[in-house]
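Accompanying notes for the structure given below.
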Amino acid sequence: MSCIFCQIAQHEVSANIVHEDDHVIVFNDLFPQAPVHMLIIPKTHYSTLNDIPPEDTTVFSLMHRVAAKLAHDRGFADKGYRLTLNCNRDGGQSVYHVHMHLLAGRPLLWPPG
Ligand code: 5GP
Ligand code: ZN
């Protein structure tokens, strides 16, 4: 398996890990686009959002719970933040292991580019 995010989840490739539990791991993005830019990934490999099977009804709630807890613990929950999921080419996906971007620390523009 040559998936870089699986390798990070298995501690085979180093990353600045900020949270880990049985299902989810969170690490800082290598090329941050905001003062806070973390990636929340399931430990299970799904290439894109299209590949999450209907039986897996918990993956997003687990990722969201971790995001909300990090936002609270780090003090930017009230000020605000953005969770982003990119899918395939037009969605701007570059790493093919499902991940949620957690962006915070500055006003974020809308609509995105
Ligand atoms: P995407 O463009 O697929 O939505 O997001 C992939 C993100 O992964 C990008 O923001 C990119 O900077 C980040 N990234 C790519 N390779 C690595 C890596 O090896 N380590 C870390 N920490 N982030 C990475
Ligand atoms: Zn993977």
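Numbering of ligands and ligand atoms starts at 1, following listing order.
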Working for ring-ring contact (aromatic ring centres under 6.0 Å, His included), residues H101 and H99: CA-CA 7 Å; H101 296 260; H99 51 280; 5.1 Å; yes
The Zn ion (ligand 2) to H45: nearest N/O/S atom name: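 It is ND1 of H45.
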Please check: side-chain N/O of [X] versus main-chain N/O of [Y], any donor-acceptor pairing under 3.5 Å?
| X | Y | result |
| --- | --- | --- |
| R106 | Q33 | yes |
| D56 | T58 | yes |
| K43 | D21 | yes |
| Q93 | S47 | yes |

Three-point angle H97:ND1, the Zn ion (ligand 2), C3:SG, rounded to the nearest 10°: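 About 110° at the Zn ion (ligand 2).
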Remaining members of hydrophobic cluster (4.5 Å side-chain criterion), L30: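 Via sub-4.5 Å side-chain contacts, L30 links to F31.
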Can you list every pair where an N/O of ligand 1 is under 3.5 Å from an N/O on the protein?
{"from": "ligand 1", "atom 1": "2 (O)", "to": "G92", "atom 2": "O", "distance (Å)": "3.0"}
{"from": "ligand 1", "atom 1": "2 (O)", "to": "S94", "atom 2": "N", "distance (Å)": "3.3"}
{"from": "ligand 1", "atom 1": "2 (O)", "to": "S94", "atom 2": "OG", "distance (Å)": "2.8"}
{"from": "ligand 1", "atom 1": "3 (O)", "to": "S94", "atom 2": "N", "distance (Å)": "2.6"}
{"from": "ligand 1", "atom 1": "3 (O)", "to": "S94", "atom 2": "OG", "distance (Å)": "3.3"}
{"from": "ligand 1", "atom 1": "3 (O)", "to": "V95", "atom 2": "N", "distance (Å)": "2.9"}
{"from": "ligand 1", "atom 1": "3 (O)", "to": "H99", "atom 2": "NE2", "distance (Å)": "2.9"}
{"from": "ligand 1", "atom 1": "4 (O)", "to": "N86", "atom 2": "ND2", "distance (Å)": "2.8"}
{"from": "ligand 1", "atom 1": "4 (O)", "to": "H99", "atom 2": "NE2", "distance (Å)": "2.9"}
{"from": "ligand 1", "atom 1": "4 (O)", "to": "H101", "atom 2": "NE2", "distance (Å)": "2.8"}
{"from": "ligand 1", "atom 1": "5 (O)", "to": "H99", "atom 2": "NE2", "distance (Å)": "2.9"}
{"from": "ligand 1", "atom 1": "5 (O)", "to": "H101", "atom 2": "NE2", "distance (Å)": "3.2"}
{"from": "ligand 1", "atom 1": "10 (O)", "to": "D29", "atom 2": "OD1", "distance (Å)": "3.3"}
{"from": "ligand 1", "atom 1": "10 (O)", "to": "D29", "atom 2": "OD2", "distance (Å)": "2.5"}
{"from": "ligand 1", "atom 1": "12 (O)", "to": "D29", "atom 2": "OD1", "distance (Å)": "2.5"}
{"from": "ligand 1", "atom 1": "22 (N)", "to": "N28", "atom 2": "O", "distance (Å)": "2.9"}
{"from": "ligand 1", "atom 1": "22 (N)", "to": "L30", "atom 2": "N", "distance (Å)": "3.4"}
{"from": "ligand 1", "atom 1": "23 (N)", "to": "L30", "atom 2": "N", "distance (Å)": "3.3"}

Whether over 12 other heavy atoms sit under 6.0 Å from H11 NE2: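 Correct, the count exceeds 12.
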